[in-house]
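Reviewing the structure listed below.
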Number of protein chains: 2
Amino acid sequence: MSMRLPAPARREQILDVSVQVFARNGFHSTSMNDVADAAGVTKPVLYQHFDSKQDLYLALLEEAGNRLRNTVTKAVASATNGKEQTEFGFKAYFRWVAHDHDAFLLLFGSRANRDEESVSTIRRITAETAHAIAPLIAADIDSDHQRTLAHGLVGLAEGASRHLVERGEAFDPEVLGQQVADMAWAGLRAVHRG
Amino acid sequence: MSMRLPAPARREQILDVSVQVFARNGFHSTSMNDVADAAGVTKPVLYQHFDSKQDLYLALLEEAGNRLRNTVTKAVASATNGKEQTEFGFKAYFRWVAHDHDAFLLLFGSRANRDEESVSTIRRITAETAHAIAPLIAADIDSDHQRTLAHGLVGLAEGASRHLVERGEAFDPEVLGQQVADMAWAGLRAVHRG
DNA sequence: TCATAGAGTTACCAAAGGGTAACCAGTCGC
DNA sequence: GCGACTGGTTACCCTTTGGTAACTCTATGA
């Protein structure tokens, strides 16, 4: 059935296919046989490219996380002031969600996996995002609260996205990004006055 | 070792103990033997009170969800205007997180379970919360966007809480609630002008 | 054309864990 | 004291599934 592929191509194909399968069915409800079937191949082939199910899964998380981080940091870097940073940041985030949306589900969907290692990977990604946002929050509150609020803002984008993605609703990332950014920016300024 | 207990008491005890175990280790990493051990009892006893692992888990989710909803709706009902509703609502939420914090982890922690059924239960709870918040958002944007933003606000509280609870940091729900409410309220008003 | 390397398969193992059948024991009413 | 009710236990089954050993097939280059 499936063509023979050179090793690197096969590896890529497995990664591509796995994102979809894991995103749709969750980690524990997806067996390696399921992945293999979806890739049009048998189980041992998977183990020629990845040491274990965990290993494969973590590779997927890592890749997805990188794409997210790159998109957002690039967008924020191109802005010239706080308000613009907020706007560009959220728009980039939602653009990523709309576009790479299996990856979003993998990282933040309700069915994402939750082992020790995956959790810490996902936490790291979230923390990095929060870290990038933190400076936007007024410096006149202590840094612990600053970080907590930053995590809140990440949750804001995440919550809105999950709502949309999980019910398969199409949405315009520019419009949504603008609205959320307006909301967040006004909120950020309110905390200033604390 | 463990005293004999009348059935309803045993059931309660199992529920109490299960919340902790599941919250700490996640659904899939917790076997029924683990639960039984923690309850000081053996496996078949669990099956005298619950049909299956799923069944037990769903009962826990349901209870936790009810406690959350009751706390928040009561608090919001006692307010007299939008700003106060926001404030009371968030404070009640964070008070619940601080107090019933295994339940929070169970519902929204990184290690929460994700089967078909659990997901839909958790989604229902989230949606109910969002539904309660939605009216606070200006009526001059369409109701789809309204609901999306409401889910965003739920995510805001969730994200901040998860950050705190998962690293075991103590926090003052009143202070945090006030800050987040300030932020959210300012944000909500900004969307008005949108 | 034939040897070789690497892609892929079949058939299997072993552990984990949900769930149950059959049995035991303490206590309460008579 | 005695039967029976109910809380509890031991010992087991059986499916699922991650992981692997040993084999086969196909293409390529000398």
Side-chain angles (χ1 to χ4, degrees), chain A residues 1-19 21-22 24-61 106 111-119, chain B residues 1-61 106 111-119:
Chain A
M1 184 82 214
S2 75
M3 302 272 294
R4 280 186 116 182
L5 287 179
R10 180 62 78 192
R11 189 190 150 93
E12 278 313 302
Q13 186 234 1
I14 290 172
L15 285 170
D16 280 358
V17 162
S18 311
V19 180
V21 180
F22 280 124
R24 261 188 258 292
N25 304 117
F27 181 81
H28 286 286
S29 314
T30 303
S31 71
M32 286 302 258
N33 272 321
D34 292 339
V35 176
D37 284 355
V41 106
T42 56
K43 211 168 31 162
V45 173
L46 303 181
Y47 288 94
Q48 282 164 9
H49 297 279
F50 302 95
D51 285 349
S52 66
K53 192 183 178 185
Q54 267 298 318
D55 186 46
L56 167 57
Y57 193 76
L58 290 175
L60 293 175
L61 292 184
L106 201 74
R111 315 217 43 185
N113 180 44
R114 310 310 196 179
D115 312 45
E116 212 65 39
E117 264 181 298
S118 317
V119 166
Chain B
M1 183 81 212
S2 75
M3 303 270 296
R4 279 186 122 195
L5 287 180
R10 179 62 77 194
R11 191 191 148 93
E12 278 313 301
Q13 187 233 2
I14 290 171
L15 285 169
D16 281 359
V17 161
S18 310
V19 179
Q20 295 172 34
V21 180
F22 280 124
R24 261 189 257 293
N25 306 115
F27 182 81
H28 285 285
S29 314
T30 303
S31 72
M32 285 302 256
N33 273 322
D34 292 339
V35 175
D37 285 355
V41 108
T42 56
K43 212 170 29 164
V45 173
L46 302 181
Y47 287 94
Q48 282 164 10
H49 297 279
F50 303 94
D51 286 349
S52 66
K53 191 183 180 185
Q54 267 298 317
D55 187 44
L56 167 57
Y57 193 77
L58 289 176
L60 294 175
L61 291 184
L106 201 73
R111 315 215 43 183
N113 180 44
R114 311 307 196 181
D115 314 45
E116 212 64 40
E117 264 182 297
S118 317
V119 166

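The sequence lines fix the lettering, A, B, ..., with proteins before strands; numbering per chain opens at 1. Just so you know, these numbers come straight off a predicted model, no measurement behind them. Excluded from the calculations below are hydrogen atoms, water molecules and symmetry mates; all remaining heavy atoms, backbone and side chain alike, are included.
Residue B:Ser29 comes nearest to B:Asn25 through the heavy atom pair CB-O, 3.2 Å, listed as atom of the first residue, atom of the second, then distance. The heavy-atom pair separating A:Phe50 from A:Asp55 by the smallest distance is CA-OD2, 3.6 Å. In plain terms, the two heavy atoms of A:Ala39 and A:Val17 that are nearest each other are N-CG1, 3.9 Å.
Here D:dG7 presents its C1' atom at 16 Å from CZ of B:Arg11, a figure rounded to the nearest Å. One atom, OH of A:Tyr47, and another, P of D:dG18, lie 6 Å apart when rounded to the nearest Å. Whole-Å rounding puts the B:Met32 CE to D:dT15 C1' distance at 17 Å. One can place CG of A:Leu56 at 10 Å from P of D:dG19, the figure rounded to the nearest angstrom. For the pair A:His28 NE2 and C:dG18 P, the interatomic distance rounds to 12 Å; values are reported in whole Å. Taking atom CG of residue B:Leu46 and atom C1' of nucleotide C:dG17, one finds them 13 Å apart after rounding to whole Å. Between the P atom of C:dG8 and the CG atom of A:Asp37 lies a distance of 15 Å, rounded to the nearest Å. For the pair B:Ile14 CD1 and D:dG7 P, the interatomic distance rounds to 11 Å; values are reported in whole Å.
Comparing B:Gln48 and A:Asn33, the nucleotide of DNA chain D nearest to each residue sits closer to the 5' end for B:Gln48.
Looking only at distances, no side-chain donor or acceptor of B:Asp37 sits under 3.5 Å from a matching main-chain atom of B:Asp34.
Taking only distance into account, the side chain of B:Lys43 meets the base of C:dG18 through a donor-acceptor pair shorter than 3.5 Å. A donor N or O paired with an acceptor N or O is not found under 3.5 Å between the base of C:dG8 and the side-chain atoms of A:Arg4.
The B:Val45 side chain lies nearest to D:dT9 when the options are D:dT9, C:dG19, D:dG18. Distances from the side chain of B:Ala7 to the nucleotides D:dG7, D:dT20, C:dG19 place D:dG7 closest. Out of D:dG8, C:dT10, D:dT17, the shortest distance to the side chain of A:Pro44 is found at C:dT10.
Summarising the local packing, CD of B:Glu116 is surrounded by 12 or fewer heavy atoms from other residues, nucleotides or ligands at distances under 6.0 Å.
For the pair B:Arg10 and D:dG8, the criterion of a side-chain N or O lying under 4.0 Å from OP1 or OP2 is met. OP1 or OP2 of C:dT9 sits under 4.0 Å from a side-chain N or O of A:Thr42.
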